[in-house]
Peer 1: 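Dumping the structure here so I can ask a few things about it.
Order of the sequence lines fixes the chain letters, A, B, ..., with proteins taken first and strands second; residue numbering starts at 1 for each chain.
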Amino acid sequence: MTDPRTSDAELPKNYDFRAVEPRWTTQWDEDGIYRYDPSSDAAAAGRTFSIDTPPPYVSAAHLHVGHAMSYSQAEFVIRFKRMRGYEVFYPMGFDDNGLPTERYVEKKYKKHKGNATRKEFVDLCLAETRGGAAVYEQLWRSLGLSVDWRMTYSTIAPRAVEHAQKSFLDLVAKGRIERRADPILWDPRMQTALAQADTEPGPEIDRPLHQLRFDRADTEGSGLIDTTRPELVTACVALACHPDDTRFAADGSVRFKVPLSNLRADGSEAEFRTVPLIRDDAVDPEFGTGLMMVCTFGDQEDIIKWRTHKLDTQLIIGPDGRMDTPELPSLHGQRVHVLAKGSKLPEARLAAKELLEAHGYLLDVTENVSRASVSERSSTPIEIQVVPQWFVKLVDIKDELLARGRELRWHPPYMKDRYEHWVDGLKWDWNISRQRFYGVPFPVWYRQDTGAAVLPTAADLPLDPMVDAPPPSVKAQVPDGVELVAEEDVMDTWMTSSLTPLINANWAFWDKDSGAETPDLQPRPGIYPMGVRVQAFEIIRTWLFYTVAKSHMHTDALPWRDVMISGWGLDKKGKKMSKRLGNFVDPKGVIEKYSADSLRYWAAGATLGHDLRYLENDVKGGKRLLTKLWNSTRFAMMSIGDYDPSSGATEAPTVADRWIRARVLETVHKATEAYEGYEYNKALRATEQLFWRDWCDNYLEIVKDRFRNPEQWDPAQVEAARATIFYGTWAMLRLFAPVLPFITEELYTRALKPRMADDAPLSVHVAPWPLDERTGEVDVFGGVVDEQAGALGGLLLDLVAAVRQLKTEARMGLGKPLAAIYVAGDAALREDIALVERDWRAAARADLVTWEAPADAAPTHGVGDRDLRIGIAPAD
RNA sequence: GGGCGAAUAGCUCAGUGGUAGAGCUUCGGCUUUACACGCCGCGGGUCGCAGGUUCGAUCCCUGCUUCGCCCA
């Protein structure tokens, strides 16, 4: 490229985004304009703005325009802040840890716990991770995200592992983590424990209600219960009714015989196992028979009753999700072991039904449709197991976590309710143990003799007990000769991702020398607490909640000051996008076809927190805006020619100049206020309105004449138009820059910068925002809105519109010259009209405005809602 | 069953306690030497339903209906 200062300022006729966008992606990287510089003046002044955006899972194949939407929305605000003079810390992370990655690898390579070693599996995960990260980075770069790619983190890299392990040790030390053998949510397919947040409602399926008779053990009589899970009958540990139920004695004497519990595998019969009747508010007296079977464990409600009433434990389902009972007896004289160890649950359910029926316990089966909780990742119905696991205690600090939620500034504000309700409804401590291959290892060994856990010190981290020998700090805690056994579980993925603000701040190295010189491993306390978290609403209960909890427990602080919650990008019918449904739109294709700026323009159309449908027409609208921006700036630059903003030439602004200057100032204020409130869409809307309607359709049309026929104008008026165009363009390019980074950079560099002083900003993206945050002043047009210009401008626009209307009605081209415009009406407006006449005539291409109308050209056409009428006479 | 959100023009969506808005679409014009990916103009809505507060409600309150999401 030739030197833009000496090359002619004229822009090419067409904007070639396919060439321009990749060029700027590379150039920005070379210039390092998005680099975080902790030694900058802004950082020193405490004006650092740090951003915590979701580290995406690495299976990049599922990326759709909805993802591009939410990252773009965050980025609009980030670019605004950068221009406002903040030192921006904007890293990208990759969540290559945990179940999603494992599941992805399992599907892709058909490898699982049964046919792969841990190392094989982990290597595959790591390889997928690297490939996925590269795809993401490529896409995010082409979308124009102003990420500092040197700051990228990965949740499975040693740095993040160390943070997760340090978090574990810190919480153990603070008494927030403990190991307990509790009932836990279990995914039989993935063979792992889950947290409450890892479950979701499953699909509606047929789950017939089996009505069973339980005979009384203490006296004559019986009770009826309805259950969808007859196979669990022998796991029954109580029957429950509502406290007000009058059918049974309330003195605790009531006991029932458990059906089938008297049968033995050899065909003999023994005593029935009996269970008590408990009274519990949670039983709905109106549902079914009003009597409920409590098993260990059919569902999560069972656990609550089991815990509240201190019931027995009769586990009959194994970790593989199959029956794990003593053999039950034969049916019809045949030895069938359908309820025995190893049966799948659907078979066991049928067998249980037959067995119950054969022994007369089954009275009725009614159709029923309901949904069960399933694992969010494997879609398998959740079962419950009792296994020792590590728990982060959260239930006892609900109040503190609620208080933290209220300290946060939520955008939009109503999103706070989702957090409140989740925390309010929290029933379980956070189980962080996962019986999986791929994840952060617990830094834990167990004494062979006592089973007690032995922990290393923070200085030993990171480590992997399954690979590394116990460090001296661990060995020192046990007597010689006592074997140490490595913990085989790994941590829940949220254990790491809940630390993203702390990982970014390199919290693990705050009080420990990492031994490394790289900035990657140096403490970055300046960025913590972070400025803003950006995410979608569906992970408020997970990522957001866990992050708040972690920062609260570790640093007694909020992780960020603001939270920005985005909606989803939906398909054109309003459905969630997915590969499976075939309604998937690949952002890469959109960028190639319409440009990244256009895709971003679409993303800017959503109100924060609201979903946005992907309509190709909206992206086309973005493309149209780019074309208009390009053409109008090209025209503007041709008009102002060799204008030199530092020349100091005399200006005599007309009403049109004064009006558009006021509009620019007004819009700068409006857009700034909107961005401050994270309302990027309002900012864009205001800017678009200014640009398209006021600037292009009116102002440029009005001033054209000054450049076409300069001899008919005072040179100071021409100079005023040149200045207005130059500074108006400068302001508008900056207002558009956060949303349209590519075209604004191209126009700034090619059109404006060559006319500016040598110390002009290198890039529009590091140029100052037109409204200075500290002085409150706008840096163009003197910064003060000309009130009078607003009213006169309104009159001028009405007059121009009236002429256009007349010309259109006369099927006349708008460029058609007029010999005269005749005016009649309120004489009080005469003075004002005189002030705008010159601009009016220019816009209308009229030679004369007169109040003396000939009889054959009566002014009859209205002017807005003013008491004025006009008529026109064509030039020929 | 609980919570949150939404309901405004044919479509996608803004918006405000005081005469209802944009873009797209429809229709009619315009070769206007920046742009036909443009410009000018016209058309089009009982602001989901029913109450209430108010001088006045699309907006605030209550209830209802429908849709979406989150959670039981």
Peer 1: Between A/Asn709 and A/Asp705, does the side-chain hydrogen bond (donor to acceptor under 3.5 Å, both in side chains) criterion hold? Intermediate values first, please.
Peer 2: CA-CA 6 Å; A/Asn709 304 306; A/Asp705 191 61; 2.6 Å; yes
Peer 1: In whole angstrom, give me the gap between the C1' atoms of B/C55 and B/G1.
Peer 2: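 Per the computed distance, 43 Å lies between those C1' atoms.
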Peer 1: Of the nucleotides B/C4, B/C35, B/C69, which one has an atom closest to the side chain of A/Phe537?
Peer 2: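 Nucleotide nearest to A/Phe537's side chain: B/C69.
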Peer 1: Does the distance from a Lys or Arg side-chain N to an Asp or Glu carboxylate O, for A/Asp280 and A/Lys305, drop under 4.0 Å?
Peer 2: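 Looking at A/Asp280 and A/Lys305, the cut-off is not met.
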Peer 1: Inspect the contact between A/Glu592 and A/Arg18 and indicate whether a charged nitrogen and a carboxylate oxygen are less than 4.0 angstrom apart.
Peer 2: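 No salt bridge links A/Arg18 with A/Glu592.
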Peer 1: Atom NZ of A/Lys575 and atom P of B/U12: how far apart are they, to the nearest Å?
Peer 2: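 Computing the A/Lys575:NZ to B/U12:P distance gives 13 Å.
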Peer 1: Please work out which of the three classes, parallel, tilted or perpendicular, describes the rings of A/Trp410 and A/Tyr419, given edges at 30° and 60°.
Peer 2: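 Geometry flag for A/Trp410 against A/Tyr419: tilted rings.
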Peer 1: By the 4.0 Å heavy-atom rule, please label A/Glu701 as base, sugar-phosphate, or nothing.
Peer 2: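 If one applies the 4.0 Å heavy-atom cut-off, A/Glu701 turns out to touch a base.
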Peer 1: Applying a 4.0 Å non-hydrogen cut-off, can you work out what A/Lys13 is touching in the nucleic acid: base, sugar-phosphate, or nothing?
Peer 2: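 Sugar-phosphate, backbone atoms only, no base.
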Peer 1: Could you go through nucleotides 22-27 of chain B and list every protein N or O atom that sits under 3.5 Å from one of its N or O atoms, giving the distance for each pair?
Peer 2:
residue, atom, partner, partner atom, Å
B/G23, OP1, A/Arg693, NH1, 3.0
B/C24, O2', A/Asn617, ND2, 2.9

Peer 1: If you draw a 6.0 Å radius around NZ in A/Lys398, do more than 12 non-hydrogen atoms from other residues or ligands fall strictly inside?
Peer 2: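 Yes - once you tally the heavy atoms of other residues, nucleotides and ligands closer than 6.0 Å, there are more than 12.
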Peer 1: How do A/Lys427 and A/Ala606 order along RNA chain B: which one's closest nucleotide is nearer the 5' end?
Peer 2: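 The 5'-side residue here is A/Ala606.
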Peer 1: State which of B/A34, B/G3, B/C39 makes the closest approach to the side chain of A/Asp697.
Peer 2: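 Among B/A34, B/G3, B/C39, the one nearest the side chain of A/Asp697 is B/C39.
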Peer 1: What is the separation between atom OH on A/Tyr680 and atom P on B/A14, rounded to the nearest whole Å?
Peer 2: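 Rounded to whole Å, this separation is 10 Å.
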Peer 1: Check the orientation of A/Tyr643 and A/Tyr727. Use parallel for under 30°, tilted for 30 to 60°, and perpendicular for over 60°.
Peer 2: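 Correct class here is perpendicular.
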Peer 1: Would one find a side-chain N or O of A/Lys628 under 4.0 angstrom from OP1 or OP2 of B/C37?
Peer 2: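 Checking B/C37 against A/Lys628, no side-chain N or O comes under 4.0 Å of OP1 or OP2.
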Peer 1: Got a donor-acceptor contact below 3.5 angstrom from the A/Arg600 side chain to the A/Val739 backbone?
Peer 2: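 Yes; at least one donor-acceptor contact below 3.5 Å.
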Peer 1: Within the 4.0 Å heavy-atom criterion, would you say A/Ser639 contacts the bases, only the backbone, or no part of the nucleic acid?
Peer 2: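 Nothing: the residue A/Ser639, judged by heavy atoms under 4.0 Å, touches no strand.
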Peer 1: For B/A22 versus B/A34, give the span between their C1' atoms, rounded off to a whole number of Å.
Peer 2: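 Rounded to whole Å, the distance is 24 Å.
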Peer 1: Under 6.0 Å from the ring centre and within 45 degrees of the ring axis: does the NZ or CZ of A/Lys620 meet both conditions for the six-membered ring of A/Tyr601?
Peer 2: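 Judged by the rule (NZ or CZ under 6.0 Å from the ring centre, within 45° of its axis), A/Lys620 is not positioned above A/Tyr601.
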Peer 1: Which nucleotide, B/A34, B/C35, B/C70, lies nearest any side-chain atom of A/Leu700?
Peer 2: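 Out of B/A34, B/C35, B/C70, the nucleotide with an atom closest to A/Leu700's side chain is B/A34.
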Peer 1: B/A50 and B/G44: how far apart are their P atoms, nearest whole angstrom?
Peer 2: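 Each nucleotide's P atom is 24 Å from the other's.
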Peer 1: The side chain of A/Arg613 lies closest to which of these nucleotides: B/C35, B/U12, B/C37?
Peer 2: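 Of the candidates, B/U12 comes closest.
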Peer 1: Less than 6.0 angstrom from the centroid, inside 45 degrees of the normal: does A/Arg838 satisfy that with respect to the ring of A/Trp713?
Peer 2: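 Judged by the rule (NZ or CZ under 6.0 Å from the ring centre, within 45° of its axis), A/Arg838 counts as positioned above A/Trp713.
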Peer 1: Any idea which of B/G68, B/A34, B/A6 is nearest the A/Asn631 side chain?
Peer 2: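 Nucleotide nearest to A/Asn631's side chain: B/A34.
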Peer 1: Ignoring backbone atoms, establish whether A/His610 has a side-chain N or O less than 4.0 Å from OP1 or OP2 of B/A14.
Peer 2: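 For A/His610, the contact criterion (side-chain N or O under 4.0 Å from OP1 or OP2 of B/A14) is met.
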Peer 1: Between the side chains of A/Tyr699 and A/Asp657, is a donor N or O closer than 3.5 angstrom to an acceptor N or O?
Peer 2: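 Their side chains do contain a donor-acceptor pair, which is all the 3.5 Å distance test asks for.
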Peer 1: Could you please spell out the steps behind the ring pair (Phe, Tyr, Trp, His ring centres under 6.0 Å) verdict for A/Trp602 and A/Tyr594?
Peer 2: CA-CA 11 Å; A/Trp602 164 73; A/Tyr594 294 109; over 10 Å; no
Peer 1: Verify the distance criterion only: is there a donor paired with an acceptor across the side chains of A/Arg533 and A/Thr547 at less than 3.5 Å?
Peer 2: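 Yes, because at least one side-chain N or O of A/Arg533 sits under 3.5 Å from a partner of the opposite role on A/Thr547.
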Peer 1: Between residues 802-822 of chain A and RNA chain B, which residues have a heavy-atom gap below 4.0 Å?
Peer 2: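 Hits under 4.0 Å, by residue number: A/Arg804, A/Gln805, A/Thr808, A/Arg811, A/Gly813, A/Leu814, A/Gly815.
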Peer 1: Just to be sure I understand the rule, does A/Arg634 reach a base, reach only the sugar-phosphate, or reach nothing, if contact means heavy atoms closer than 4.0 Å?
Peer 2: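 It contacts sugar-phosphate atoms only.
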Peer 1: Under 4.0 angstrom, heavy atoms only, what part of the nucleic acid is A/Trp602 near: base, sugar-phosphate, or nothing?
Peer 2: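 If one applies the 4.0 Å heavy-atom cut-off, A/Trp602 turns out to touch nothing in the nucleic acid.
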Peer 1: Figure out the CG/P separation between A/Asp424 and B/C4, and round it to whole Å.
Peer 2: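 Going from A/Asp424 (CG) to B/C4 (P), I get 12 Å.
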Peer 1: Side chain of A/Asp417: nearest nucleotide among B/G15, B/C4, B/G38?
Peer 2: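 That would be B/C4.
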Peer 1: Taking 4.0 Å as the cut-off, does a side-chain nitrogen or oxygen of A/Trp692 come that near to OP1 or OP2 on B/C39?
Peer 2: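 Answer is yes, contact under 4.0 Å.
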Peer 1: Just to be sure I follow the notation: if a pair is Watson-Crick (purine N1 to pyrimidine N3 plus N6-O4 or O6-N4) or a G-U wobble (N1-O2 and O6-N3), each under 3.5 Å, what dot-bracket string does RNA chain B give, with | for pairs to another strand?
Peer 2: (((((((..((((....[..))))..((((.......))))......(((((..]....)))))))))))).
Peer 1: Take A/Glu746 and A/Trp630 through the test side-chain hydrogen bond (donor to acceptor under 3.5 Å, both in side chains) and record every step on the way to the result.
Peer 2: CA-CA 10 Å; A/Glu746 180 74 1; A/Trp630 185 262; over 6 Å; no
